[in-house]
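To start, the structure itself, in structure tokens.
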Amino acid sequence: MKRIYMDHAGTTPMRKEVLEAMLPYLTDRFGNASSIYSYGREAKTALEDSREKVAGLIGADAREVFFTAGGSESDNWALRGIAAANGDKGNHIITSSIEHHAVLHTCQDLEKQGYKVTYLPVDKFGLVDPEHVNNAITDETILVSIMHANNEIGTIEPIAEISKVIKQKRKNIYFHTDAVQTVGKIPVNVNDLGVDLLSISSHKIYGPKGVGALYIRKGTKIKPFITGGAQESQRRAGTENVPGIVGFGRAAELIGKELEKEHERLSKLRDKLIHGIMEKIPHVRLNGHPTRRLPHNVNVCFEFIEGESLLLNLDMKGICASSGSACTSGSLEPSHVLLAIGLPHKIAHGSLRLTLGRDNTEEDVNYILEILPDIVSKLREMSPLFAERKELPKNV
């Protein structure tokens, strides 16, 4: 049975070109980048070359890119590092209610340490209102962290507009964005966005797992997240993951060249998938902004069914997808993102996220549109909620 992978927001398959770039640094070129002899210099050169490539993807100076173990570490470093270095200026942080847990849980931990955090609401599409950011800023505010695009519903936030609001209000407030879902999917330029810190992850752009980066604008006052060595300009201690970083750099280089063409292709597949689902299946809702969304993201809720059952049935048909329900979160609660945009629990539990990638084709979309209606219909027939339903509009 053919398998169709549609969870590229979760992770992406590593490209062959990336693996080929990494292999020498897993074998013959095994040197420690901090060593001064030839093996070390070889590794150091490869590391700095990769830094240039990652910086080029986001329009940054290479000296402002610092390698980490992934997006979650980058988010943690941005929040904890700014809080620790700027506590004398204030103790207030602003974020949104739909952030990745790497941001939300870090903010909750900082609250336990005495920091105050404002969690901004979003509208029904998942958009943060820049005016809400403006109104939340106080004399104690030191950091604002708003994700560039939501990992579940795909809504792209007005980051540049929010940056203008922040800098007009107070220039000494730092602005961080988690761009893990946007880098390599849409154009990302740190100067156009007006951010001081930006998180990236390698495995979201067809690179290896276990490596990411944090962009830190020159002049930003931030403390190291890991201490014990002089690596990464004394800002992130530990022997560098040279093979992973080389792979990250190669992935960044490749995806940057393909971005415009792939954006157009994925957008067409996304729209076909959305329109097909809405036409073929009743009682379904599109989550996220209808147009201001990532080119590869489809997130819908089917009434009267549970996301876990839907995923299992799709898997039996060879389709790999994800959901915001209990089976993927490890919780009895549905997605915090879907609740934040106003969905009731019983609808939020029936969510399905399909995120396309470079290997997906129109045939894949056609196959999903062929089998998904029957799966939904079968699950609804077994649902007591569906049996008790009242007459509702075709789509909500």
Side-chain angles (χ1 to χ4, degrees), residues 58 60-61 64 66 71-123 126-150 155-180 188-199 214-225 227 235-236 336-337 340-341:
I58 59 171
D61 186 306
E64 298 173 310
F66 299 87
S72 291
E73 183 191 320
S74 296
D75 286 345
N76 269 261
W77 184 10
L79 272 64
R80 296 182 192 276
I82 292 294
N86 297 275
D88 57 330
K89 297 177 182 176
N91 68 343
H92 181 228
I93 297 168
I94 299 170
T95 190
S96 84
S97 57
I98 63 167
E99 298 296 311
H100 189 278
H101 284 126
V103 169
L104 289 180
H105 289 174
T106 302
C107 284
Q108 291 162 8
D109 189 48
L110 287 170
E111 284 183 289
K112 295 175 183 177
Q113 299 174 37
Y115 292 87
K116 298 176 182 177
V117 181
T118 297
Y119 300 91
L120 297 176
V122 294
D123 68 12
L127 283 170
V128 175
D129 187 340
E131 191 58 30
H132 288 170
V133 178
N134 182 59
N135 295 337
I137 293 173
T138 72
D139 291 340
E140 295 294 311
T141 305
I142 55 175
L143 174 67
V144 177
S145 180
I146 305 292
M147 66 196 333
H148 194 189
N150 186 262
T155 296
I156 301 171
E157 301 294 345
I159 297 300
E161 293 89 335
I162 292 172
S163 175
K164 290 177 183 177
V165 165
I166 295 169
K167 300 308 177 184
Q168 286 173 1
K169 194 77 172 265
R170 274 191 35 220
K171 291 184 178 180
N172 63 342
I173 296 174
Y174 291 118
F175 186 23
H176 165 254
T177 190
D178 179 337
V180 165
V188 175
N189 184 291
V190 292
N191 296 309
D192 292 343
L193 293 175
V195 295
D196 303 298
L197 305 108
L198 181 144
S199 301
L214 179 65
Y215 160 78
I216 305 174
R217 186 176 293 277
K218 184 179 179 181
T220 298
K221 188 179 178 184
I222 185 171
K223 283 197 173 182
F225 186 56
T227 56
R235 282 188 157 175
R236 202 268 189 184
H336 70 286
V337 175
I341 63 174

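The structure presented is a predicted model; accordingly, all values stated were derived computationally and were not measured.
Not one N or O on the side chain of Q168 forms a donor-acceptor pair closer than 3.5 Å with the backbone of V165. A donor-acceptor contact shorter than 3.5 Å links the side chain of R217 to the backbone of V190. Between the side chain of R170 and the backbone N or O of T138 there is at least one donor-acceptor pair closer than 3.5 Å. For the pair Y119 (side chain) and T95 (backbone), a donor-acceptor distance under 3.5 Å is absent. The closest donor-acceptor contact from the side chain of K223 to the backbone of G81 lies at 3.5 Å or more, if one exists at all. A donor-acceptor contact shorter than 3.5 Å links the side chain of T106 to the backbone of A102. A donor-acceptor contact shorter than 3.5 Å links the side chain of T177 to the backbone of I146. Distance alone, capped at 3.5 Å, places no donor-acceptor pair between the S199 side chain and the D178 backbone. A donor-acceptor contact shorter than 3.5 Å is absent between the side chain of E161 and the backbone of P130.
Enclosure of atom NZ in K221 by more than 12 non-hydrogen atoms of other residues, nucleotides or ligands within 6.0 angstrom is indicated. For NZ of K89, the number of neighbouring non-hydrogen atoms (other residues, nucleotides, ligands) closer than 6.0 Å is greater than 12. Under a cut-off of 6.0 angstrom, the local environment of CG in D139 is sparse, with at most 12 non-hydrogen atoms contributed by other residues, nucleotides or ligands.
In this structure, I162 CD1 and H148 NE2 are separated by 10.0 Å, a value rounded to the nearest 0.5 Å. The CD1 atom of I58 sits 7.5 Å away from the OH atom of Y215 when rounded to the nearest 0.5 Å. For the atom pair N86 CG and T141 OG1, the distance stands at 12.0 Å (nearest 0.5 Å). Put simply, NE2 on H100 and OG on S72 are 5.0 Å apart, with the number rounded to the nearest 0.5 Å. If you take OG1 on T118 and CG on N135, they are separated by 11.0 Å, rounding to the nearest 0.5 Å. The line from CG of D129 to CD of E157 is 10.5 Å long, rounded to the nearest 0.5 Å.
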Step-by-step side-chain contact (heavy atoms from CB on, under 4.5 Å) determination, I166 to I173: CA-CA 7 Å; I166 295 169; I173 296 174; 3.8 Å; yes
Derivation of the side-chain contact (heavy atoms from CB on, under 4.5 Å) call for H92 and V117: CA-CA 6 Å; H92 181 228; V117 181; over 6 Å; no
Steps toward side-chain contact (heavy atoms from CB on, under 4.5 Å) verdict (I341, V122): CA-CA 6 Å; I341 63 174; V122 294; 4.0 Å; yes
Stepwise side-chain contact (heavy atoms from CB on, under 4.5 Å) check, L193 with L198: CA-CA 10 Å; L193 293 175; L198 181 144; 4.1 Å; yes
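No side-chain donor from either of N76 and E73 sits under 3.5 Å from a side-chain acceptor of the other. Residues T155 and N150 have side chains that never bring a donor and an acceptor to within less than 3.5 angstrom of each other. Between the side chains of H336 and S97, no donor-acceptor pair is found at a separation under 3.5 Å.
Between D192 and A160, the shortest heavy-atom distance links the atoms O-CB, 3.7 Å. The shortest heavy-atom contact between S96 and V128 is CB-CG2, 3.8 Å. The two residues L127 and P158 come nearest to each other via the heavy atoms CD2-CD, 4.0 Å.
Side-chain contact between I94 and I137 is present, with heavy atoms from C-beta onward closer than 4.5 Å. By the 4.5 Å heavy-atom criterion applied to side chains, L79 and H176 are counted as neighbours. Taking 4.5 Å as the limit, some side-chain heavy atom of I159 sits within range of a side-chain heavy atom of V195. Side-chain contact check for R236 versus W77: some heavy-atom pair is nearer than 4.5 Å. Put simply, the side chain of N134 reaches to within 4.5 Å of the side chain of K169, judged on heavy atoms. By the 4.5 Å heavy-atom criterion applied to side chains, I82 and L197 are counted as neighbours. Residues R80 and Q113 form a side-chain contact, since some pair of their non-hydrogen atoms from C-beta on lies under 4.5 Å apart.
The pair D196-K167 meets the salt-bridge criterion, with a side-chain N (NZ, NE, NH1 or NH2) lying under 4.0 Å from an Asp/Glu carboxylate O.
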